[in-house]
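Comments concern the structure below.
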Amino acid sequence: MSLSSYRMHRIYLAATMNYGLGSDDPEELAYYNKIRKEMADMKNDPVKKGISLNWDTPDRMDK
């Protein structure tokens with residue numbers, strides 16, 4: 001059985017607000033852990049700020 005959109009939203013809110021899930025359903029736990037892992041991965045990734053400028057463009061690109 002797949003999770004309803006309502007239940008997925010409730011799990012997402014619990015995961016993003018650092019609340020416990022309060023459920024033993026393996027499907028709900030898997031979705032909760034997936035969200036938590038994605039959040040942890042986003043914290044570890046460096047954020048690229050600004051626009052990178054490439055001054056070494058070939059002459060053909062300028063035309």
Side-chain angles (χ1 to χ4, degrees):
M1 183 173 89
S2 131
L3 293 173
S4 68
S5 60
Y6 173 78
R7 192 66 196 145
M8 289 173 72
H9 180 67
R10 302 290 289 191
I11 294 169
Y12 176 81
L13 289 175
T16 57
M17 298 177 75
N18 288 331
Y19 291 163
L21 184 58
S23 174
D24 292 333
D25 183 20
E27 192 173 7
E28 291 180 2
L29 285 171
Y31 186 69
Y32 178 83
N33 290 330
K34 176 186 161 196
I35 299 294
R36 297 290 297 166
K37 183 181 180 315
E38 288 175 0
M39 289 175 47
D41 291 344
M42 285 191 312
K43 285 182 182 176
N44 293 335
D45 289 339
V47 176
K48 295 181 181 177
K49 296 181 180 179
I51 300 171
S52 62
L53 299 175
N54 186 4
W55 296 106
D56 300 325
T57 58
D59 292 332
R60 296 179 191 161
M61 297 291 286
D62 293 336
K63 295 180 182 179

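What you see is a predicted model, and the numbers here were worked out from it, not measured in a lab. Only this structure's heavy atoms are used, side chains among them; waters, hydrogens and symmetry mates stay out. We number each residue from 1, following the sequence as shown.
Using a 4.5 Å heavy-atom threshold, the side chains of Lys34 and Glu38 count as touching. For the pair His9/Ser4, no side-chain contact is recorded, criterion being any heavy-atom separation below 4.5 Å from C-beta on.
Between Gly20 and Ala14 the shortest heavy-atom distance is O-CB, 4.2 Å.
Summarising the local packing, CZ of Arg10 is surrounded by 12 or fewer heavy atoms from other residues, nucleotides or ligands at distances under 6.0 Å. No more than 12 heavy atoms of other residues, nucleotides or ligands shown are found within 6.0 angstrom of CG on Asp24.
At a threshold of 4.5 Å between side-chain heavy atoms, the hydrophobic network of Ile, Leu, Val, Met, Phe, Trp and Tyr places Met39 and Met8 in one connected group. Cluster annotation: Leu13 is not connected to Tyr31 through the hydrophobic network of ILVMFWY side chains, with a link wherever side-chain heavy atoms come within less than 4.5 Å.
How far CG of Leu3 is from CD of Glu27: 4.0 Å, rounded to the nearest 0.5 Å. Note that OG1 of Thr16 and OH of Tyr32 are 9.5 Å apart. Values are rounded to the nearest 0.5 Å. Here the CG-CG distance, from Leu21 to Leu29, works out to 5.5 Å after rounding to the nearest 0.5 Å.
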